[in-house]
Protein chains: 2
Amino acid sequence: MCGFEGFVPVDGLPIYLQIVRYVERGVVAGSIAHGDELPSRRTLSAQLGVNPNTVQKAYRMLEEEGLITSRSGAKSEVCAPPDLVAALRSKLLEQEITAFVRSLRQSGLEKEAALELIDRLWEQKEESV
Amino acid sequence: MCGFEGFVPVDGLPIYLQIVRYVERGVVAGSIAHGDELPSRRTLSAQLGVNPNTVQKAYRMLEEEGLITSRSGAKSEVCAPPDLVAALRSKLLEQEITAFVRSLRQSGLEKEAALELIDRLWEQKEESV
DNA sequence: CCAACTGTATTATAACAATAATACACTTTC
DNA sequence: GAAAGTGTATTATTGTTATAATACAGTTGG
């Protein structure tokens, strides 16, 4: 049913974009599947402690993206055909890794040091997700 | 003199925060050193194509952070004592890598696949920075 | 000295993000 | 059928981001 369990709001990025990103990542990871129901606007807004309009803005964007479908009166459903998911996965990974590599390089880190850091932090955060 | 050469504006994050982040990373990387002069508010705003007030907001934040000093009439200078730089380096790396690892894990990627991707993209972006 | 440049401050405006309070029509469920 | 829950829409308000146009006092360099 997609309960937004691991959702961690971070400041800097607008909340509605964080909601969009959460669903996109879930679909790419497979934890959110085609046909799954999303929580209603009101339910999720209460759960996250934000305004219903903020959730609506996120769902609106997801619908324009083709990732969810909404019919008035019923809950919104995830629409995730394989080709869309594949394209989304490539897009997200490319974006994130590119930005990350650029930032680490700008911080003066060598590749080997970066890989080692990630290797260690990966284990460290293993349970906290 | 710190010319903001590799500055790449990204949408999502406010510009003034991107300017702050750029200086912070430069100091951590050593490409911006103690005593270096920053471009004036007006010069940098023209160079980046943004409003002088936006640059001022960034410089203000950097000054409150203790990373630059400003005296009215003269150019602002970088103030980067070793202990401040070390603390900043730890803070930035911890923040970025933690967020990155969480996002990749949320996207369903395994550690080995992630490390391999980064290893490959690192070489690929080697010249573009 | 003095012109040019510098930091700083002020006021106004526009766009966006987020909240708040409704209202209406549709679907689900008992 | 009716109540509860749902998507959708509207209007208003607040705060932040960014721009624009100034103004003033201090520093620098010829």
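Chain naming here is simple, since letters A, B, ... match the order of the sequence lines and numbering starts at 1 in each.
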May I ask you to decide if B:E94's main-chain N or O and B:T98's side chain share a donor-acceptor pair within less than 3.5 Å? yes

Look at the side chain of A:R41 and the backbone N and O of A:Q56, then say whether any donor-acceptor pair between them is shorter than 3.5 Å.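 No, the answer is negative, given that no donor and acceptor are paired below the 3.5 Å cut-off.
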
Other residues, nucleotides and ligands only: do more than 12 of their heavy atoms fall within 6.0 Å of CD on A:E110?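 At most 12 heavy atoms, drawn from other residues, nucleotides or ligands, come within 6.0 Å of this atom.
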
B:E116, CD atom: more than 12 neighbouring heavy atoms under 6.0 Å: no

[X] [atom1] - [N] [atom2] separation (whole Å):
| X | N | atom1 | atom2 | value |
| --- | --- | --- | --- | --- |
| B:I19 | D:dT17 | CD1 | P | 13 Å |
| A:K57 | D:dG7 | NZ | C1' | 18 Å |
| B:R42 | D:dT27 | CZ | C1' | 13 Å |
| A:N51 | D:dT13 | CG | P | 16 Å |
| A:Y59 | D:dT6 | OH | C1' | 12 Å |
| B:M61 | D:dT16 | CE | P | 11 Å |
| B:E37 | D:dT27 | CD | P | 15 Å |

Charged N to carboxylate O below 4.0 Å: is that the case for A:E96 and A:R21?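 No, no charged N to carboxylate O under 4.0 Å.
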
Going by ring-ring contact (aromatic ring centres under 6.0 Å, His included), name the pairs with one or both residues in residues 80-116 of chain A, residues two or more places apart or in two chains. A:F100-B:F100

How long is the straight-line distance from [atom2] of [Y] back to [atom1] of [X], given to the nearest 0.5 Å?
| X | Y | atom1 | atom2 | value |
| --- | --- | --- | --- | --- |
| A:I68 | A:S76 | CD1 | OG | 4.5 Å |
| B:Q18 | B:R25 | CD | CZ | 9.0 Å |
| B:T69 | B:L62 | OG1 | CG | 11.5 Å |

Decide yes or no, distance alone: a donor-acceptor N/O pair under 3.5 angstrom between the base of D:dG5 and the side-chain of A:R41.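 When only heavy-atom distances are counted, A:R41 does not reach the base of D:dG5 through any donor-acceptor pair under 3.5 Å.
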
Between which nucleotides of DNA chain C, read 5' to 3', does contact with chain A run, using atoms under 4.0 Å from its heavy atoms? C:dA17 to C:dT28

Has B:Y16 got a side-chain N or O lying under 4.0 Å from the OP1 or OP2 atom of D:dT17?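 So the side chain of B:Y16 is within the cut-off, an N or O lying under 4.0 Å from OP1 or OP2 of D:dT17.
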
Taking for each residue the nucleotide of DNA chain D bearing the nearest heavy atom, is the 5' side occupied by A:K75 or by A:R60?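 On the 5' side of the pair lies A:K75.
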
Toward the 5' end of DNA chain C, which comes first, A:A74 or B:A74, by nearest nucleotide? B:A74

Enumerate the residues from residues 62-72 of chain A whose closest heavy atom to DNA chain C is under 4.0 Å, giving them by residue number; use none for an empty result.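 The answer is A:R71, A:S72.
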
